[in-house]
Structures are given as structure tokens and as C-alpha cells.
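Comments concern the structure below.
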Number of protein chains: 2
Amino acid sequence: MSGDSIPNPPLSAPKGAPRMRSGDRRELVLEAATEVFGAFGYVGSTTGQVAAAAGVSQPYVMRMFGTKEKLFLEVLGRALGALLAAFRTEVARDSEVHLGRRLGGAYVSMLSQRGVLLSLMHGFVLGSDPVIGAYARAGLLEVYALLRDEAGFSPAQSQQFLATGMLVNTMIGTRMIDEFDTNPAARELLEAAFPDTLNLYTVLGGSEHTT
Amino acid sequence: MSGDSIPNPPLSAPKGAPRMRSGDRRELVLEAATEVFGAFGYVGSTTGQVAAAAGVSQPYVMRMFGTKEKLFLEVLGRALGALLAAFRTEVARDSEVHLGRRLGGAYVSMLSQRGVLLSLMHGFVLGSDPVIGAYARAGLLEVYALLRDEAGFSPAQSQQFLATGMLVNTMIGTRMIDEFDTNPAARELLEAAFPDTLNLYTVLGGSEHTT
DNA sequence: GTCTATACCAAGATAGAC
DNA sequence: GTCTATCTTGGTATAGAC
């Protein structure tokens with residue numbers, strides 16, 4: 001990988017900018033970490049990359065989070081929290097549209113902050129790590145429980161919903177979107193997985209999209 | 001089911017054993033690599049681990065495959081090949097059982113050699129790496145093409161089949177099976193995803209099964 | 001609160017003996 | 001064909017200045 005990381009400009013504040021409250025700094029780093037971990041995975045990312053993306057020094061990231069593992073766990077926790085919150089909002093909302101469809105939409109919407117679902121996905125694959133693996137597993141089950149108990153899905157429906165989510169993650173992870181225009185099979189598979197084509201542009205556009 | 005899943009002890013031949021043909025050695029290392037990469041992912045694995053699992057020296061692994069990346073690509077290629085072959089066998093077979101069900105069974109059967117599907121899964125998540133990511137993406141599309149063109153699935157059916165496969169991979173990756181007995185939700189989700197409970201024992205039993 | 005400098009280790013890769 | 005020894009790089013984490 002010759003390239004340095006991640007998308008566009010570092011999130012850093014300009015050098016002379018007024019000091020921000022440390023809570024905000026923390027947020028900033030967590031957001032950067034979400035992107036980086038989402039792109040390269042837990043082991044594949046370096047704390048230096050995260051620091052660079054956040055516009056702070058690498059030792060400072062360490063200072064704030066202690067270890068890379070703790071940082072990743074926080075990223076996972078936030079990602080999971082965001083996902084659950086989005087689902088709960090949809091469950092609570094009064095609408096004529098079928099709930100399954102709305103939850104699907106909520107899921108796909110989260111792809112606009114790319115790192116979130118991808119970080120989760122990377123967590124799911126880390127079963128070999130006792131700490132991270134256990135955490136991710138619990139998270140997956142939490143989502144399942146929500147679908148079944150709060151959304152009222154049957155086990156089979158919940159399973160199918162999760163399954164589609166995993167395929168979506170995988171397709172994002174493999175950058176299959178890059179083949180959307182050139183490879184008919186890729187396009188077909190993408191269109192079959194995504195609830196409606198409109199949402200695809202959210203994904204396609206990355207940070208650039210305007211709805 | 002050729003069946004020798006990799007057992008726990010190193011695969012090394014006893015020190016004084018007769019020399020094996022180099023092709024066999026290569027096979028041995030590739031099998032070991034499949035297990036290791038499946039367990040820890042591409043970045044998370046070391047060539048030293050692979051070497052240890054195969055009972056050879058780390059530099060020798062390098063000598064044989066050149067780079068860690070090339071080794072992983074060979075692992076991916078073999079895994080993909082095995083999967084496609086298993087599916088094609090099922091497509092060709094004459095049976096009353098619905099093809100979708102048989103393909104599902106074939107997929108689950110592959111879990112007995114754990115590393116195979118997990119290695120693939122790890123490849124799918126590596127979209128950030130231009131070489132590996134591209135390779136994995138092509139592989140995923142190849143599977144899709146098989147389902148659609150050779151198995152005669154509709155795009156929607158193919159998508160759903162793949163999706164379930166991804167969820168299965170994820171559940172294996174997170175070691176969710178470990179919670180099968182203790183966590184009812186885990187059990188429910190596992191049972192919803194796996195075509196029939198019998199096959200669960202294939203997974204649960206790891207290398208012990210005889211079928 | 002945030003940086004620079006650096007210690008320390010692990011991992012991929014190479015050299016070269018047998 | 002396979003090993004031991006080793007070079008090199010890069011990444012986490014710490015020390016400590018400002």
C-alpha cells in the first residue's frame with residue numbers, strides 16, 4: 001500500500017486555532033479512528049494513522065485512550081450505539097411504511113459515515129481476540145435481540161435482516177461499488193441487496209453526496 | 001469430505017521422518033496457512049505462525065511463496081476453488097432435494113475445514129488493499145455468477161443465498177458457537193441461519209466429526 | 001493538554017551454511 | 001530442500017519537556 005490513509009483533509013484544526021475543549025478533541029479522534037479502523041481493520045490500522053487523520057500526535061492518542069485495543073473498543077461501542085439508536089428511532093416512529101423496510105433504510109443510511117458499519121464488521125471477524133471478539137459477539141446478539149424483541153421480528157426474519165446487513169457490509173468492504181458501472185454482475189448484486197436504488201447514491205457518493 | 005481438518009499439534013513430520021516430496025510440503029504449508037489466516041486474518045497472522053503450524057521454519061515459508069501477500073493470495077485462490085467446486089458438484093448431481101438446500105448444505109459442510117471460508121471472509125474485508133481486495137471482490141462475483149448462471153438462481157435468490165453465507169461466516173468468525181449452550185439468543189440465531197440442526201454438529205465438533 | 005524524542009519489540013525478508 | 005542467524009522496518013508505548 002503505497003498510499004497514506006483515508007479520504008480527504010485531516011480533521012485537524014489549523015495550528016493557530018483556539019483551543020478546543022478536550023471532550024471535543026476526544027470526539028474528533030474517535031471519529032477519525034472510526035474511519036481508519038473501518039478502512040483498514042483493527043490490526044491493519046496504526047495509531048499513527050489515526051493520529052494523523054485527527055491532526056494530533058500519536059503519543060497523544062495513546063495518552064487519551066491508553067492502548068490501541070481500548071481505542072478500538074470505544075470505536076466499536078460508539079458504532080454499535082449509533083446503530084441501535086438508529087433502529088430504535090425507527091421502531092418508535094409512526095409510519096405506514098413497513099418496519100422492515102424502514103430499518104433497512106436506516107441501516108443503509110448509516111453507510112454515509114462509512115467507518116461505522118465497517119468498524120463493526122471488522123470487529124465481528126476478530127473472534128480470535130478474546131476481548132474484542134467477545135465484545136463484538138455481544139454486540140451482534142444485541143442487534144439480534146433488538147430486532148426480535150423490540151421490532152417484533154421472528155427469528156427467521158431477524159436472521160434474514162442481519163444476513164443482508166452482513167452482505168452489504170461485505171460489498172462495501174470489498175469496494176464492490178467501484179465496479180458498479182463497469183461490471184454488470186456487480187451492479188445486479190448491489191441492486192438486489194440494497195432496498196432501493198436511490199440509497200445507492202448515498203453510498204456511491206461517499207462524503208460528496210448531496211441527496 | 002477429504003476430512004483432515006487441521007488438528008491442534010503442529011503438522012510437522014517427526015524429525016527423523018523420511019523426506020516428503022516438495023509438492024506435499026507446499027500443500028502442508030498451504031493448509032496450515034489456511035487455518036492460521038482464517039483464525040487471525042491476513043494482517044493479524046504472521047508467517048512465523050504459519051511456519052510453526054506447518055512445522056517448518058519461517059524463512060522457508062518465505063522461500064516457497066516469496067511474500068506473505070503471495071501466500072495469502074494462494075490461500076484465497078484455493079479456498080475459492082474449493083467452494084466453487086463443491087457448488088458445481090452439487091449443481092451437477094441428480095437429486096430430488098431442492099438445489100438451494102443442497103448448496104446450503106455444501107456450504108455448511110465446508111465449515112469442517114474451518115479456515116477455508118474464514119480466509120475468504122477475511123479477504124472480503126480487505127478492500128483497502130488494492131491487490132488482495134481486487135482478488136477477493138472478483139471471487140465474490142464469481143460465486144454470484146455461478147449461483148445465477150449455473151445454479152439458475154434469480155438475482156434476488158442469489159443475493160439472499162450469499163447474504164446468509166456471510167452471516168454464517170460472521171457467526172463463525174465471532175465464535176458465536178461458543179455461546180450455543182449458554183445463550184438462548186445465540187442458539188436461536190444460529191439455528192435460524194443453518195439449514196438444519198444436524199449440520200451444526202459439523203461446526204460444533206470441529207475436527208472430531210466423521211459423518 | 002499536547003508535543004518531540006525515543007525505547008523496545010515483533011515481524012517480514014535476506015544471506016548463506018549444510 | 002531446509003535450516004540458523006540476522007538485517008530492517010515500522011509500530012506501540014513511555015518519558016518528559018513546554
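Chain letters run A, B, ... following the sequence lines, proteins first and then strands; every chain starts at 1. Note that these values count all heavy atoms, side chains included, but never hydrogens, waters or copies made by symmetry.
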F65(B) atom CZ is separated from dG1(D) atom P, nearest whole Å, by 13 Å

Mutual orientation of the aromatic rings belonging to F37(A) and F72(A) [parallel < 30°, tilted 30-60°, perpendicular > 60°]
perpendicular

When rounded to whole Å, the CE to P distance for the pair M62(B) and dA15(C) reads 14 Å

note: E69(A), atom CD; dG11(D), atom P; distance rounded to Å ~ 19 Å

To the side chain of T47(B), which of dG12(C), dC3(D), dT14(D) is closest?
dG12(C)

Please evaluate residues K70(B) and E74(B) with respect to the criterion salt bridge (charged side-chain N to carboxylate O under 4.0 Å, His left out), reporting the C-alpha separation (whole Å), side-chain torsions for both, the decisive distance (0.1 Å), and the verdict.
CA-CA 6 Å; K70(B) 286 197 190 123; E74(B) 281 219 38; over 6 Å; no

Do the ring centers of F87(B) and F161(B) come within less than 6.0 Å of each other?
yes

If I take atom CZ in residue R63(A) and atom C1' in nucleotide dG16(D), what distance separates them, rounded to the nearest angstrom?
9 Å

Proximity to the side chain of V56(B) - top-ranked nucleotide from dT4(C), dC3(D), dA13(C)
dC3(D)

Grab the NZ-C1' distance between K68(A) and dG11(D) for me, whole Å please.
8 Å

Figure out the CZ/C1' separation between F72(A) and dG11(D), and round it to whole Å.
17 Å

In whole angstrom, what separates F37(A)'s CZ from dT12(D)'s P?
8 Å

Between dA13(C), dT14(D), dG11(D), which one does the side chain of P59(A) approach most closely?
dT14(D)

Heavy atoms under 4.0 Å, any strand shown: does T46(A) hit a base, just sugar-phosphate, or nothing?
sugar-phosphate

Cationic N near anionic O, under 4.0 Å, R78(A) to E27(A):
yes

Rounded to whole Å, the CZ-C1' distance (R26(B) to dG1(D)) equals 14 Å

Would you say the side chain of Q58(B) and the base of dA13(C) hold a donor-acceptor pair, judged only by whether the two atoms sit under 3.5 Å apart?
yes

